Amino acid sequence: MAVASTAPSSPFPRTPRRRCASATSTSARRTTAPSTSFSSTPTTGAARKVTRFDDLPLGRKLMQAMVAVHRGAFFGLPGRILVMTGAALLPGFFITGWLLYLDRRRGGRAARVLAKAAKRPARPAGGEEILVAFASQTGTAEQLAWRTAAALVEGGRVARVTSLASLDADALARADLLLVVAATYGEGEPPDAARAFARKLMDRPLDLPRLRYAVLALGDSAHADFCAFGRRLDAWLRASGSRAVCDLTVVDGGERDALALARWREVLTALGAAAPAETWSADHHEPWVLTAREHLNPGSPGGETWRVVLTPPDPARLVWTAGDIAEVVARAPDGDDRSPAPRDYSIASLPSEGHVELLVRQSVLPDGRLGLASGWLTRHAPLGSSVPMRLRANTNFHPPRQARPMILIGAGTGLAGLRGHLAHRAERSLTPTWLIFGERSPRADRYYADALEAWLASGVLRRLDRVFSREDQRREGPRYVQDILTRNPHVVRQWVDDDAAIFVCGGLAMAAAVDRVLASILGRERLDDLAAAGRYRRDIY
């Protein structure tokens, strides 16, 4: 199962060492100069061949003066000016590239505006670099961090974006100004990638008297621990002797909290940023066509699960990555006074399939009505009707950057996000993969059974474990996905030792149970380190 890798040879040619010939050498001696080369006879010193640099073809000139070319000196003063200007633009180009990537992925109007702004050269204010760190679970905090950096660059400041997980005590001690965009996940927890940071650094105050900082905390006020990690981070920085440049800014609902984001823009403006308000608003939802839906589990003891297919009027909208999210604006049927509201769904398909595919579980309210979004998508919206939707990058759940084994764990409609990864790996012939999937009934809840069997036969899936909680109660055996892990600890350790990544998709209770079992098998510290390295990722709802 081990994935072998070889380090590529250096792309840069080595500079040949100058060799000195002895006075008694009988071979010809050759020396070089910037403008002329010649060879002479060792015994008499008479010149045998003289080659003027100016007479060489342009290609030979460039090869012999490679260092000068890279420094810009080869082209004289204009060349030096161009090289210096290019170096000054590098921070802007990096931010531009990232924002254009987001634009390509998400179709974001804001990204286009900010990419144009970020092309302007950054001018250091007293040599100070602003460090913009993010702790993100679903990608929103990361995107807001890049918007923050782009606004600062547009205003002439120097900004660098990094994950909070990549910072240590020394990096914080060296920083002058730190801006943090931090999400809270689950029940007051830090995002997965930041758990090691919280455990290793935030257990006690550090000595950070020179650091100035500001925190933008993201959360959902429906939870009792609203923005708990952002609040904890703000308190920890204060206890470490750092000076806040503003009060904690809390955001309820991510990009849709326009008032909180306006307050954050005011903070950035005071720091020298310049960004028009429209670049901070969420992308507009565009009309997609509801082209198909299928009831997948008739007779299931659980809720109805439907396969829902939506196609864009413009094929150019078919741009996303496995792990991304579709945000649907659902509306109630006629006679229902509920207001339209956005709902997030994991995308089960790839752009090459020509549509966005969702797995939607019908939810039933105490009064007998269907949930707003699930009812709209599975029953009330007519086929062929328009559904407002936007695709949102979920960078924390993207495929690993390196080709490596994967353990995919999910339950219920969480299979949607995992199915996207399986399709991605099948397209690129990436193996091995181990899928652990749980549902209620072995007879009714077998979503994508044909596709899973085909991937198993082709080798995309090395191992497939399906468990069903409502199977014959007299039968002994695993009933939940965490039971598979508990019964195979040595296999889990072997896959992780062989560089596997672990991706979990599904409900909060399932993910919490899986997390506890993985911690017991691998150790909490190792599991947190895997999360910080991007090898343990979760998409939980």
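Worth saying up front: this structure is predicted, and the values here are computed from it rather than measured.
Under the 3.5 Å distance criterion, with hydrogens and angles disregarded, a donor-acceptor pair is assigned to the side chains of S221 and D252. For the residue pair E304/T378, the side-chain donor-acceptor check at 3.5 Å is not satisfied. Counting only N and O atoms by type, the side chains of R361 and T305 include a donor and acceptor under 3.5 Å apart. Side-chain contact check for D225 and T184: no donor-acceptor pair (N or O, by modelled atom type) lies under 3.5 Å. A donor-acceptor contact closer than 3.5 angstrom is absent between the side chains of R425 and H421. At a cut-off of 3.5 Å, with distance as the only test, no side-chain donor of N396 or H398 sits close to an acceptor on the other residue.
What you find for L350 and W320 is that their closest heavy atoms are C-CZ2, 3.4 Å.
For the pair D192 (side chain) and R537 (backbone), a donor-acceptor distance under 3.5 Å is absent.
Atom CG of residue L530 and atom CD of residue E525 lie 11.0 Å apart, to the nearest 0.5 angstrom. W288 CH2 to S386 OG: the interatomic distance, rounded to the nearest 0.5 Å, is 11.5 Å. The OG1 atom of T413 sits 15.5 Å away from the CZ atom of R307 when rounded to the nearest 0.5 Å. Rounding to the nearest 0.5 angstrom, the gap separating the CE atom in M510 from the CG atom in L508 is 9.0 Å. Rounding to the nearest 0.5 Å places CD of Q362 at 10.5 Å from CG of L377.
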Steps toward salt bridge (charged side-chain N to carboxylate O under 4.0 Å, His left out) verdict (R195, D515): CA-CA 13 Å; R195 295 201 303 188; D515 186 76; 3.0 Å; yes
side-chain hydrogen bond (donor to acceptor under 3.5 Å, both in side chains) between N297 and H295, intermediate numbers included: CA-CA 6 Å; N297 62 343; H295 185 193; 3.1 Å; yes
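Looking at H284, E286, E327 one by one, the single match for side-chain hydrogen bond (donor to acceptor under 3.5 Å, both in side chains) with R390 turns out to be E327.
Electrostatic pairing of D528 and K200 does not count as a salt bridge here, judged by no charged N lying under 4.0 Å from a carboxylate O.
Taking the six-membered ring where the residue is Trp, W236 and F197 present perpendicular rings, their angle passing 60° and hence far from 30°.
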